[in-house]
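Notes to accompany the following structure.
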Amino acid sequence: MLASPMPRGDEKRLTPQDEDFSAWYNELVLRAELADRGPVRGTMVMRPYGYRIWELLQGELDARIKATGHENAYFPLFIPESYLHREAEHVEGFAPELAVVTHAGGKDLEERLVVRPTSETVIGEMFAKWIESHRDLPLLINQWANVVRWELRPRLFLRTTEFLWQEGHTAHATEAEARAETATALGFYSEVARDVGALAVVAGDKTASERFAGAVTTMTIEALMRDGRALQAATSHFLGTNFARAFDITFTSEAGVLEHCQTTSWGMSTRMIGGLIMGHGDDKGLVLPPRLAPIQVVVVPIGRDAERAEVVARAEALAGELRAGGVRVRVDDRAHLSPGAKFNEWEQKGVPVRLELGPRDLAAGVATVAERLGEGKVAVALDEVVATMPERLAAFQQALLARSTAFLADRTAPAASLAELAVAVGRGFASILHCGRVECEDTVKEATTATPRCVPHDAPDEEGPCAICGQPSAYGRRVLFARAY
RNA sequence: CGGGGAGUAGCGCAGCUUGGUUAGCGCGCCUGCUUUGGGAGCAGGAGGCCGCGGGUUCGAAUCCCGCCUCCCCGACCA
């Protein structure tokens, strides 16, 4: 047509990732009906389709948490402001982003209440009350809750003012046991990310500058988004006796000595959903791993008038058989939309498998199968479709993880200088020898906006000069840097 | 909080520079008929405090002042 300033006319298309990754993300979250913006800046409404993903994720993580002896409990939303002040680093870390209640019940409060940004302090207070003897340890508690952090730059799922998460809090008699606990928790996260979310992650330790406020050490899993930026997907903290000393969490040991507990905390949030979107999505929309897909299989009946009734009935029957086999399936029998419109809609929503069922299929006793990864369609005998669906979904899950793993590997490059690092962080992780000094991290950040993401647990031993300053490397292995969300 | 951009129908936008009939277009939505294997067609229809407040003017979506919100880029962060 004419090159006049007409409306784009392709409103149905998603902005391509290459053109504007942020726009792609924002449009997709809205259009796939995962979430919407709330009336208060930075807040998010999780819509049913998005919330279902969270429920599935929750189910997987909760099962692992419970299987290892942790118990769920619930602590209050409001925390006396003074609690935050008891741990110096902790209050310093969170002060800027606290929401504080100053007025309630029609009058000013004697003591201001903070809306929890995390619950170390209240839980510490309660632990102090509950723990007396080594016989009370370890105390293994988890809570599912909302928390509030007044972020300056909100982004749906990735950084919202209020978000949902799980926070584990444990107390132990020995440092070794507490450290082992943080590794166990990180194991939940790695497993959920990889095996359930099909998302490749790097597990490692945070450098001092990236550590949780009040922690001795922080472990993390870092994922790589399709634009080459890293996302911290979950963290696990060894708190030493920092909170035990601040809240007087003590126990009498077997030897009769009064000691401070060693505590941990660890969390995974709704941010993980943002990671799944940006880690797997493409220009057509979401790509959901079957284990987290609210709808694993969509059946699209195709046919007009007389054919329609029969085709829909057969689609329902097929769906019933799949459901009986434990598959989450939906029949899209909306009459006012063309098949093509439905194909595009379900692809945008990331449904792993689509079954097309039309007169031609029925005549041949097959369903036309299209998978969200890959282009083609294949005809598969109806009984076989049902019988093989679990393995088809499992294969999809594996293929998605394999793709994510290959992507992460391909986009991780060693660098021996700031210039090489700059190139590497342009597409993903830069792996460098690092002296461990904040000065060098700052140099990198200023030059490239990249930050240290983690010291990977599975990296081989290696020493040498720091890629930035040339001084001897720390950590005994390479450190990953990237631009991060 | 600094720099940039934008607020007009559910969504995407035009109109504003140079004030002037009833504020348009695409998509979506509703009704009817025809359609159905990759974003259907025709006909009819509904839907607007033009972000908010003030000012200028006979008259403001349009000009002026103030405020608010959203988006993008930075500093802070799960």
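Lettering follows sequence order; numbering is per chain, from 1. Please read these numbers as outputs of a predicted model, since none were measured by experiment.
A:G267 comes within 4.0 angstrom of no nucleic acid atom, judged by non-hydrogen atoms across all strands. Note on A:T451: nothing from the nucleic acid sits closer than 4.0 angstrom, heavy atoms only. Residue A:R334 is out of contact with every strand shown, counting any heavy-atom pair closer than 4.0 Å. Among the atoms of the strands shown, base atoms are found under 4.0 Å from some heavy atom of A:E151. Residue A:K445 is classed as a sugar-phosphate contact, given heavy-atom separations below 4.0 Å to backbone atoms only. Residue contacts shown for A:E347 include a base, since a base heavy atom lies under 4.0 Å away. Nucleic acid contact for A:L158: base, since at least one base atom lies under 4.0 Å from a heavy atom of the residue.
OP1 or OP2 of B:G74 lies within a sub-4.0 Å distance of a side-chain N or O belonging to A:R153. Remark: A:T449 is not in phosphate contact with B:C73, judged by side-chain N or O atoms under 4.0 Å from OP1 or OP2. Applying the 4.0 Å criterion to OP1 and OP2 of B:C11, one finds that A:K12 has every side-chain N and O outside that range. Checking the phosphate oxygens (OP1, OP2) of B:C72, a side-chain nitrogen or oxygen of A:N26 falls inside 4.0 Å. Phosphate contact (OP1/OP2 of B:C11, side-chain N/O of A:R31, threshold under 4.0 Å): absent.
With a cut-off of 3.5 Å on both Watson-Crick or G-U wobble distances, the partner of B:U21 is given as none. Using Watson-Crick or G-U wobble geometry with both donor-acceptor distances under 3.5 Å, B:C50 finds no partner in any strand shown. Summarising the base pairing, B:C16 is matched to no nucleotide, lacking a Watson-Crick or G-U wobble pair whose two defining distances lie under 3.5 Å. Nucleotide B:C27 forms a Watson-Crick or G-U wobble pair with B:G10, both donor-acceptor distances falling under 3.5 Å. The nucleotide B:U57 finds no pairing partner, because no Watson-Crick or G-U wobble arrangement with both distances shorter than 3.5 Å includes it. Across all strands shown, the partner of B:G74 is B:C1, judged by Watson-Crick or G-U wobble contacts whose two distances both fall under 3.5 Å. Applying the Watson-Crick and G-U wobble criteria (two distances, each under 3.5 Å), B:A40 pairs with B:U34.
Aromatic ring centroids of A:F481 and A:H434 lie under 6.0 Å apart.
Look at CZ on A:R211: it is 14 Å from P on B:A78, rounded to the nearest Å. Note: CG (A:D283) to P (B:G38) measures 21 Å, nearest angstrom. Atom CE of A:M44 and atom P of B:C70 are 15 Å apart (whole Å). In this structure, A:D332 atom CG and B:G38 atom P are separated by 15 Å, rounded to whole Å. Taking atom CD of residue A:E97 and atom C1' of nucleotide B:A75, one finds them 14 Å apart after rounding to whole Å. One atom, CD of A:Q232, and another, C1' of B:C77, lie 9 Å apart when rounded to the nearest Å.
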So A:F212 and A:H90, ring pair (Phe, Tyr, Trp, His ring centres under 6.0 Å) or not? Walk me through it. CA-CA 8 Å; A:F212 173 74; A:H90 191 64; 5.7 Å; yes
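When each of B:A78, B:C1, B:C73 is scored by its nearest atom to the side-chain atoms of A:L152, the top-ranked nucleotide is B:C1. Nearest to the side-chain atoms of A:R354 among the listed nucleotides B:A78, B:C73, B:G38 stands B:G38.
Between the base of B:G37 and the side chain of A:R304 there is no donor-acceptor pair shorter than 3.5 Å. The base of B:C77 lies close enough to the side chain of A:R159 for a donor and an acceptor atom to sit less than 3.5 Å apart. Between the side chain of A:S338 and the base of B:A40 there is no donor-acceptor pair of N/O atoms closer than 3.5 Å.
Against RNA chain B, the stretch residues 356-381 of chain A makes heavy-atom approaches under 4.0 Å through A:E356, A:G358, A:P359, A:R360, A:D361, A:T368, A:K377.
Note: A:F163 and A:W165 have perpendicular aromatic rings, judged against thresholds of 30 and 60 degrees for the angle between ring planes.
A:F21 does not carry A:R226 over the face of its six-membered ring by the limits of under 6.0 Å from the centre and within 45° of the normal.
Remark: A:H85 engages no residue in a side chain to side chain donor-acceptor pair (under 3.5 Å) (not counting sequence neighbours).
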